[in-house]
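Here the structure is a predicted model, which is why all the values come from computation and not from measurement. Indexing begins at 1, ligand by ligand and atom by atom, following the structure's order.
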Amino acid sequence: MTMNVLGQNKAMDEQVGETATSGRSSGQWGAPNSAGVSIASSISFQNVCYAYHKTLVLNGVTLEAAPGEILCLLGPSGSGKTTLLRIAAGLEVPNTGTVKIDNQLVDGEGVHVETEQRGIGLVFQDFALFPHLTILDNVKFGLAQLSRKDATTQANRMLERVGMLQYADVYPDQISGGEQQRVALARALAPRPQIVLMDEPFSGLDARLRDTIRAETVELLRDTRSTAIIVTHDPEEALRVADHIALMKDGNLVQFGPCEELYHRPNSLFSAQFFSEVNIFQHTVKAGMVDTPLGELKAKGFSDGDLVNICVRLSDLNLEVAKAEGDGIAQIRSRRFMGIVELIELGIDGRLEPVRVRIRADGLDKDARYVRVTADKQKIMMFSA
Ligand code: ADP
């Protein structure tokens with residue numbers, strides 16, 4: 001579920017506002033017309049547990065975002081992403097475990113640092129702009145501790161940076177959703193927070209706008225050298241924006257690492273399936289080997305009698321036209337043209353479920369009825385069933 005921000009917008013904005021100048025003077029800010037650069041911080045969670053009433057929703061989560069990096073909390077709905085983000089914001093207090101910002105304890109061991117002292121900026125799915133304030137005043141809201149002149153200068157600078165300066169004097173309902181999200185981003189970053197926390201910030205935008213705003217957001221986070229934690233349920237989005245991904249399931253951290261590692265070396269069937277559609281073949285290890293429709297494979301790290309899931313992405317299977325039915329030959333059951341690619345369903349002897357393959361649209365003869373299916377050994381994944 002996503003954070004219920006409706007009742008909290010004001011409180012959060014005040015909190016963000018109060019961070020506006022914490023520890024910094026306006027003189028430290030960048031030159032006019034630059035976005036200004038944040039002093040990026042690290043944030044780390046050590047063995048964080050959290051329960052709503054008696055239901056454990058975070059079960060010993062340990063991970064860290066380094067200064068200036070973008071960390072995505074990724075996982076299905078209900079996996080605990082928003083709760084972890086709220087803990088980072090200081091809006092929830094973990095039952096056990098610690099949270100540190102720049103190695104300073106902000107939660108745990110009897111410490112709880114309030115949101116307003118954490119130097120964070122918050123951005124939400126529903127943009128959460130104040131309808132009765134102009135765009136400029138929305139951005140200035142977080143700069144209450146600056147002089148009026150400095151706050152206006154900084155707010156204008158941020159609006160210019162997100163391409164919204166010409167809308168400074170209009171109200172939120174006069175601009176589009178994408179423009180509102182740009183303003184929300186400008187408001188969160190104007191006080192130059194050490195860490196920006198974003199809860200599904202792009203999911204309220206239509207698909208066409210989402211790509212643009214997402215790319216602009218990443219560019220702005222990089223330009224301002226902000227550390228960011230972004231919650232998303234969309235694996236493609238995480239791959240597009242993150243330096244590191246924390247994949248969560250049922251309150252547990254399933255895998256944490258750079259994007260390539262999660263994609264290419266998933267540590268579980270869940271990780272593999274979360275990033276792409278896969279075929280799964282379940283087999284028992286015999287004499288250190290498993291006999292699969294893709295040939296005999298070494299079952300490294302498994303013992304005889306172990307049940308394993310052999311897992312291969314739809315796009316990692318190769319097809320070669322075969323003349324007729326036979327050993328290791330599959331029958332084409334259906335083909336679906338999808339533009340750039342074609343989705344093919346194959347029948348394999350001894351298997352009810354079709355094997356699904358995604359190939360380049362012109363990659364297989366139109367009249368083909370039988371195919372030999374192969375895969376590069378290093379693209380075949382094997383997990384304990
Ligand atoms: P996600 O952001 O991954 O969708 P959440 O952190 O919102 O997950 O929720 C994790 C679990 O905590 C879910 O099972 C959800 O039902 C539960 N939960 C979230 N907020 C509350 C609440 N205020 N009271 C009780 N349970 C909650």
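- Polar contact check, Val57 against ligand 1: no nitrogen or oxygen pair lies under 3.5 Å apart.
- If you check the side chains of Glu64 and Ser44, you find no donor sitting under 3.5 Å from an acceptor.
- Using 4.0 Å as the threshold, Gly75 has no heavy atom nearer than that to any atom of ligand 1.
- Near Ser79, meaning under 4.0 Å from any of its heavy atoms, are these atoms of ligand 1: 1 (P), 3 (O), 8 (O).
- Between Tyr52 and Tyr50, the angle of the ring planes goes over 60°, which puts this pair in the perpendicular group of the 30/60° scheme.
- Counted by atom type alone, Glu237 and Thr232 present one or more donor-acceptor pairs between their side chains at under 3.5 Å.
- Near Pro76, with a cut-off below 4.0 Å to any heavy atom, the atoms of ligand 1 are 3 (O).
- Backbone and side-chain nitrogen or oxygen atoms of Val231 are examined, and none is located within less than 3.5 angstrom of a nitrogen or oxygen of ligand 1.
- Among Thr232, Leu85, Thr83, Leu84, the residue whose heavy atom sits closest to atom 5 (P) of ligand 1 is Thr83.
- Side chains of Arg358 and Ser315: a donor-acceptor N/O pair is absent below 3.5 angstrom, by distance only.
- Counted by atom type alone, Asp102 and Ser41 present one or more donor-acceptor pairs between their side chains at under 3.5 Å.
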